[in-house]
*Asks:* 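Have a look at this one.
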Amino acid sequence: MIYLDHNATTPVDERVLEAMLPFLSTFFGNPSGLYRLGRIVRSAIDQARQQLADLVSVSPEQIIFTSGGTEANHLALSQAEMSAQLWISAIEHPSVLETAKRYYPQFSELLVDVSGKVEIDQFAELNFKENDFISVMSANNETGVVQDIASLTASVKQQGVIFHTDAVQALGKIPLSFNDLGVQLMSLSSHKIYGPKGSGALVFEKGFNVQPVLVGGGQEFDCRSGTENVAGIVGFGKAAELAKQAIEEFQTILTLRDCLEQQLALIPGVVIFARDENRLPNTVQFAILGVDGEMLLMQLDRNNIAVSSGSACASGGGEVSSVLLAMGVDPQLAKGAIRVSLGRQNTESDIEAFIAVLKEIISQI
Ligand SMILES: Cc1ncc(COP(=O)(O)O)c(C=O)c1O
C-alpha cells in the first residue's frame with residue numbers, strides 16, 4: 001500500500017515501539033509506587049517529559065500529559081471558564097470547535113482570508129478584553145497552512161489575553177518553540193509524529209495556573225488525574241526525541257511535495273489550495289473541477305493508495321470541508337477536496353504511482 005495520509009496518523013516508529021514494550025511487560029508498576037518498580041516507571045515518565053520538553057524548548061514542569069490532542073484541546077479550552085469571551089479561528093479542528101460549541105455557545109469566530117490565514121491587521125483591531133481566551137491553530141490539518149502565531153500574540157500582548165494554539169499538526173514538521181510563539185497554552189499529540197495513539201500533552205506558560213478537568217489522584221502536577229498511560233508517554237517521549245533529530249528530513253519531504261504539486265498542476269482542472277501560502281512541507285490539498293472527492297478517494301483505495309478527503313473525522317467524510325468554506329472556496333469545488341500528506345517512508349516512486357493512478361481514474365470519468 002502507498003500510504004499518503006500522515007496528517008491523519010503515522011505508523012509507530014520501530015524505535016518507539018522498542019522503547020515502549022518494557023513498560024507493557026516487565027516494568028508494569030504504578031509510577032506513584034514508592035518502591036523500586038514504581039520509581040523505575042516514574043523515571044521513565046520523567047525522561048519522556050524531558051524529551052518532549054526539549055523538542056518544544058520548555059522546562060519539563062510545563063508539560064501535562066493527556067490522552068491525546070483532543071483532550072489537550074479540551075483541557076486548554078476549559079481554562080476559558082473565567083474569560084469574558086472565547087475567540088476561535090474559523091478553521092479549527094473539530095476537537096476545538098465542538099468543545100467551544102458545547103461549553104461556550106456564545107464564542108466568537110476569527111475569520112480567515114482566502115489563503116486560510118487569520119489576517120493580522122484585522123485581528124489586531126478586534127476589541128479583546130483582559131482575560132479573553134483566543135485559540136488559533138499553528139498549522140491546519142487539511143491545507144497545511146501555517147499561521148503566524150508569534151505575530152498574532154505580539155499584536156495582543158498588551159491586552160492581557162490568554163492565547164492557546166493547537167500545534168498538533170505543526171509538531172515535528174516545522175521547528176516549534178513554545179516561547180517564540182508567545183502563547184500561554186499549546187496542544188500536542190503523539191500519533192502524528194510516529195508515536196502511539198492515545199497520548200498527547202498540553203504545554204503551559206510558567207506561572208499559568210492550569211485548572212484540571214479530571215480530578216482525583218493528583219497526577220500530572222494536580223492538573224490531570226488518572227494513572228499515567230506509561231507506555232504511551234514513554235513512546236511519545238521517544239518519538240519527540242527522534243523528531244528533534246529528524247527535523248531536516250522535512251527538506252526532503254518538501255522536495256517530494258513540490259514534485260507532486262508540479263505534476264498535479266499539469267492535470268487539467270486541478271486546483272491546489274493555498275499553494276502560495278506558507279504550508280507544512282508534507283501537505284497538499286487539491287480538488288479537480290467536476291470530480292467528486294469521495295469517488296476519487298475510493299478509486300485510489302482500490303488501487304491501494306490511501307489519501308484523505310479533506311477533514312478526516314471519525315464519520316469518514318460526506319461533509320464539505322468547513323476549512324475550505326471558511327476560505328471562500330466554492331462548495332462544489334470543496335466537495336472534491338483530496339488531501340495528500342507525506343511522511344518519512346514516501347519516495348519519488350510513490351508520487352509517480354499516485355499521479356499515474358490519478359490520471360488513469362480521471363481518464364475513465
Ligand atoms: C489539528 C489537530 N488537532 C487535534 C487533533 C486531535 O488529536 P488526537 O487524535 O490525538 O486526539 C488532530 C488529529 O487529527 C488534529 O489534526
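Both counts, for ligands and for their atoms, begin at 1 and track the order of listing.
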*Asks:* Less than 4.0 Å between a side-chain N and a carboxylate O, is that true for K335 and D292?
*Replies:*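 Counted as a salt bridge, because a side-chain N and a carboxylate O are separated by less than 4.0 Å.
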*Asks:* Should W87 and F128 be marked as a side-chain contact (heavy atoms from CB on, under 4.5 Å) after you check the CA-CA gap, both sets of side-chain angles, and the distance that decides it?
*Replies:* CA-CA 9 Å; W87 307 74; F128 298 116; 3.4 Å; yes
*Asks:* For ligand 1, indicate whether the residue T70 contacts it via side chain, backbone, both or neither (heavy-atom separation under 4.0 Å).
*Replies:*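 Near ligand 1, T70 shows its backbone as well as its side chain.
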*Asks:* Is the shortest heavy-atom distance from the side chain of L188 to the side chain of I63 under 4.5 Å?
*Replies:*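 The answer is no, as the side chains (C-beta and beyond) never meet within the 4.5 Å cut-off.
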*Asks:* Who are the salt bridge (charged side-chain N to carboxylate O under 4.0 Å, His left out) partners of E92, not counting sequence neighbours?
*Replies:*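 Residues passing salt bridge (charged side-chain N to carboxylate O under 4.0 Å, His left out) with E92: none at all.
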*Asks:* Before accepting this row, confirm whether a basic side-chain N of the pair R15/E18 lies closer than 4.0 Å to the acidic partner's carboxylate O.
*Replies:*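 No, this pair does not count.
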*Asks:* Less than 3.5 Å apart, any donor N or O on the side chain of N73 or S187 sitting next to an acceptor on the other?
*Replies:* yes
*Asks:* Look only at interatomic distance and state if G69 has a nitrogen or oxygen under 3.5 Å from any nitrogen or oxygen of ligand 1.
*Replies:*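 The answer is yes, given that G69 and ligand 1 share an N or O pair closer than 3.5 Å.
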*Asks:* Could you list the atoms of ligand 1 found under 4.0 angstrom from a heavy atom of D166?
*Replies:* 1 (C), 2 (C), 3 (N), 4 (C)
*Asks:* Describe, in one word, how the ring planes of H164 and F133 are oriented to each other, choosing from parallel (under 30°), tilted (30 to 60°) and perpendicular (over 60°).
*Replies:* tilted
*Asks:* With respect to Q169, determine whether any N or O atom, backbone or side chain, lies less than 3.5 Å from an N or O atom of ligand 1.
*Replies:* yes
*Asks:* Quick one: salt bridge (charged side-chain N to carboxylate O under 4.0 Å, His left out) partners of K192, sequence neighbours excluded?
*Replies:*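 So K192 forms no salt bridge (charged side-chain N to carboxylate O under 4.0 Å, His left out) with any residue.
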*Asks:* Taking side chain as C-beta onward, heavy atoms only, is F236 less than 4.5 Å from H191?
*Replies:*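 No. Closest side-chain heavy atoms not under 4.5 Å.
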*Asks:* Using a 4.0 Å cutoff against the non-hydrogen atoms of G68, which atoms of ligand 1 qualify?
*Replies:* 10 (O)
*Asks:* Under 4.0 Å from a heavy atom of N141: which atoms of ligand 1 are those, numbered in the order shown and with their elements?
*Replies:* 1 (C), 16 (O)
*Asks:* Applying a 4.0 Å heavy-atom criterion (strictly less than), which segment of V96 is in contact with ligand 1: side chain, backbone, both, or neither?
*Replies:*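 Looking at V96 and ligand 1, no heavy atom falls under 4.0 Å.
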*Asks:* Would you check whether S95 reaches within less than 4.0 Å of ligand 1, judged by its heavy atoms?
*Replies:* yes
*Asks:* Looking only at distances, please establish whether an N/O atom of ligand 1 is found under 3.5 Å from an N/O atom of K192.
*Replies:* yes
*Asks:* Within ligand 1, which atoms have a heavy atom of M137 less than 4.0 Å away?
*Replies:*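 Answer, ordered by atom number: 1 (C).
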*Asks:* Does ligand 1 come near enough to S189 that some N or O of the ligand is less than 3.5 Å from an N or O of the residue?
*Replies:*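 Between S189 and ligand 1 (N or O atoms, distance only) the closest approach is under 3.5 Å.
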*Asks:* Counting from 1, what ligand 1 atoms have a heavy atom of N73 closer than 4.0 Å?
*Replies:* 3 (N), 4 (C)
*Asks:* Side chain or backbone of H191 under 4.0 Å from ligand 1, or both, or neither, by non-hydrogen atoms?
*Replies:* side chain
